[in-house]
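Side-chain atoms are counted along with the backbone in the values below, which use heavy atoms only and exclude waters and symmetry mates.
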Amino acid sequence: MRAWQVHENGEPSEVMRLHEVDRPTPGDGQVLLKVRAANINFPDALMCRGQYQVRPPLPFTPGVEICGETEDGRRVIANPALPYGGFAEYAVADAAAVLPAPEALDDAEAAALHIGYQTGWFGLHRRAGLESGETLLVHAAAGGVGSAAVQLGKAAGATVIGVVGGADKAAVARELGCDLVIDRRAEDVVAAVKEATGGRGADVIYDPVGGEAYTQSAKAVAFEGRIVVVGFASGSIPSPALNHALVKNYSILGLHWGLYNTKDPKLVQHCHEQLTELAARGAVKPLVSERVPLEGAAAAVQRVADGVTTGRVAVLPGLEELQELQELQELQELQEGGAA
């Protein structure tokens, strides 16, 4: 089979190499999955760089989120068991963590209704206790993690403010349903939030960025508000001033979704059921901005690392064959038309 492998740490476009390798052999309690779609997440880039908290042994195949097919033909979603990640034709996953793919979504969308949406659901509901009528501020609202939080916030009845960088991403955030979009490159984020909320601030702030975004969050959070720390895509880990949290009465909540898989896996199953129901009634639908063939995976991971993408970018190992089939059908139609 074909699989991308990382033999040394560095930038994804430089260290990811496409090889012909043997299919992985599942261990005890594991299953072999044919990869139908693998979504690109920021941790994939961090793992290539050797900067993620999980460091698989070299060489490894990146790709932490897939929609796959079991040997008996079931369509499922899973987090592959590294080092046999999802940017390959086949991957391995722990059988206990495999979840049914939502019927309402295609392969790329189904794969995306996992890490980002699970993180959003746990962050907004389990950790922050977001309530209908509250104001939710989402940093990087047009990205893969942020777009999920926007949709989940709207589904929960919140007023959603999205912060983005650039006019193109602002347009995407509006399409996702943000009630207000703030372009951090052209506007004062804190002033805009205060103006929109009558000086009160946001009740819940969802921050996958860190750095300057967190500084803005601390200034824009409401009395008894909650800041959910999801990640540090900016590359800068903030050092919060706890005296500021004390005098303003707000909470700083950490969220590492992966821990729930070992600490309380039943909650992960419950969350998946909730997300599947939301997808079935159209309340959430993952934004897949690009679908690329397996050959394009390294370049796509680099684009995600560089922060120039919106929503999710999906790698589809079978896309080349589908494109070839479509081209053949088009050629046949042209030939038949000419003969007629």
| Rounded to the nearest 0.5 Å, what separation is found between the OG1 atom of Thr61 and the CZ atom of Arg17? | 14.0 Å

| For residues 223-240, which residue pairs qualify under salt bridge (charged side-chain N to carboxylate O under 4.0 Å, His left out), counting only residues two or more places apart or in two chains? | Glu134-Arg226

| message | Under 4.0 Å between a side-chain nitrogen and a carboxylate oxygen: does that hold for Lys154 and Asp179? | response | yes

| Residues that, via side-chain heavy atoms closer than 4.5 angstrom, fall in one hydrophobic cluster with Val288 | none

| query | CD of Glu212: more than 12 outside heavy atoms within 6.0 angstrom? | reply | yes

| query | How close do Ala192 and Leu180 get, heavy atom to heavy atom, and via which atoms? | reply | O-CD2, 4.4 Å

| Would Arg303 and Glu290 pass as an ion pair if we require N to O under 4.0 Å? | yes

| Mind checking who shares a hydrophobic cluster with Leu246, ILVMFWY linked at side-chain heavy-atom distances under 4.5 Å? | Val247

| query | So, are Arg291 and Asp107 salt-bridged, with charged N and O less than 4.0 Å apart? | reply | no

| query | Salt bridge check: are Lys34 and Glu89 linked by an N-O gap of less than 4.0 Å? | reply | no

| field | Side-chain ion pair, Arg74 and Glu69, N-O less than 4.0 Å | value | no

| query | Would Gln151 and Tyr117 count as having a side-chain donor-acceptor pair, cut-off 3.5 Å? | reply | yes

| Which heavy atom of Ala279 sits nearest a heavy atom of Leu113, and at what distance? | CB-CD2, 4.3 Å

| message | Is it true that Asn9 and Arg55 share a donor-acceptor pair across their side chains at a distance under 3.5 Å? | response | no

